Each structure stands twice: as C-alpha cells, then as structure tokens.
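Have a look at the structure below before the remarks.
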Amino acid sequence: MATERTYIMVKPDGVERGLVGEIVKRFENKGYQMLALQMIQPTKALLEEHYTDLKEKPFFPGLIKYMLAGPVVGMVWIGKDIVKVGRRLLGETNPLASNPGTIRGDFGIDVGRNICHGSDSPANAEREISLWFPNGVVHWNRAHVQNLIYE
C-alpha cells in the first residue's frame, strides 16, 4: 500500500478555542495515523518560510500577525491519500463555503481565521514537515490495525 504524509496545523484561533482534540479525533476517526504532534510559538522567520508562496499577496502581513498571536499545534499524519483527504476533512479555505461536517464548516466563520492548515501536495507536505519538525518524526507501524483499515 502506498502511503503519504501530510502536515496539519491548528492555527492560533483553533488552539485558543480548544479545538485541537476535536481535530485530532476527526483524523483518527477516519483511520489515519499520527506520527508527530507539537505545540510551538512560531517565529516570524518560520512563518515567512512556511508561507513563502504568499509573500506577494496583500493579505500577507495580516496573516503573519494573526499567526504570531498565539501558539500553533503542528501534526504529521500518514495514510493513503492523506493530503487530499486531509484537505477535505479541513474544508474550504473560506469556512462559509465549507460543508457541514468539515472542520472549517463546523467551527469557522472568517477566511482570515480559518482554524487550521493542511498541506496542498505531497511535495509541500514533505517541505512543511521538515520545516516544522527539523529533528524528524517517529515512524511506527500499527500492524494489527493497518490490516483492518486498508485492503
């Protein structure tokens, strides 16, 4: 079975609202495996590197200010099509366009305070994982459970 990893981050508003456990629960309920989790107060430099593709956007300064407002919780998840499915679990970038049942659809209102981040491609996931977890992540197998989740 081919698996991939993704980076999921609970942003300051999600941490402040106590949604970390709910977000973890949704990924675990789907059957995905967590490889790493950490709470961190990001630096401006780390955020600018993470969001480097948005540097020229007019909302960039506000995004950085928002992301510096409190700690974030970064996670690494592994599983089949985790990048694509993870983004579906999160919902649309604009919470008001997100379906009920998604994290943003259930908990978000404003696009500028949208609770969470999810990698948009396997390549970006690996870049973000190495950026946020420079010491690496734990690799372990749920041998008995894997056979119950995947064909």
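Remember, predicted model here, so these are calculated numbers, not experimental data.
Take Ser121 and apply the side-chain contact (heavy atoms from CB on, under 4.5 Å) test, not counting sequence neighbours, and it matches Ala123, Asn124.
To the nearest 0.5 angstrom, Asn99 atom CG is 13.0 Å from Arg104 atom CZ. Atoms SG and CZ, on Cys116 and Arg87 in that order, are 10.0 Å from each other to the nearest 0.5 Å. The distance from the CD1 atom of Ile82 to the CD atom of Glu4 is 7.5 Å, given to the nearest 0.5 Å. Here the CD1 atom belonging to Ile115 is positioned 6.0 Å from the CG atom belonging to Asp13, to the nearest 0.5 angstrom. The CG atom of Leu90 sits 9.0 Å away from atom OG of Ser98, with the distance rounded to the nearest 0.5 Å. One distance of note links NZ of Lys65 with CG of Leu47; it measures 14.5 Å at 0.5 Å rounding.
Within the 3.5 Å criterion, the main-chain N or O of Ile78 finds no donor-acceptor partner in the side chain of Arg5. Side-chain atoms of Asn94 come within 3.5 Å of backbone N or O of Leu96 as a donor-acceptor pair. Within the 3.5 Å criterion, the main-chain N or O of Trp132 finds a donor-acceptor partner in the side chain of Gln38. Between the Gln41 side chain and the Leu68 main chain, a donor and an acceptor come within less than 3.5 Å of each other. Remark: the backbone N or O of Lys80 is paired with a side-chain donor or acceptor of Tyr32 at under 3.5 angstrom.
Here the side chains of Arg88 and Thr102 are not in contact, with every heavy-atom distance at 4.5 Å or above. Contact check for Ile40 versus Val72: side-chain heavy atoms found under the 4.5 Å cut-off. Looking only at side-chain heavy atoms (C-beta outward), Tyr51 and Lys57 stay at 4.5 Å or farther from each other. Put simply, the side chain of Pro95 does not reach to within 4.5 Å of the side chain of Asp110, judged on heavy atoms. Looking at heavy atoms from C-beta onward, Lys55 lies out of side-chain contact with Glu49 at the 4.5 angstrom threshold. The shortest side-chain heavy-atom distance between Phe27 and Met34 does not fall under the 4.5 Å cut-off.
A cation-pi arrangement is found for Arg113 relative to Tyr66, the charged atom lying closer than 6.0 Å to the ring centre and inside a 45° cone about the ring normal.
When the options Leu35, Leu37, Leu89, Thr6 are evaluated for a side chain to side chain contact (heavy atoms under 4.5 Å, CB included) with Trp77, the one that passes is Thr6.
Taking the six-membered ring for Trp and thresholds of 30 and 60 degrees, His50 and His117 have ring planes more than 60 degrees apart, a perpendicular arrangement.
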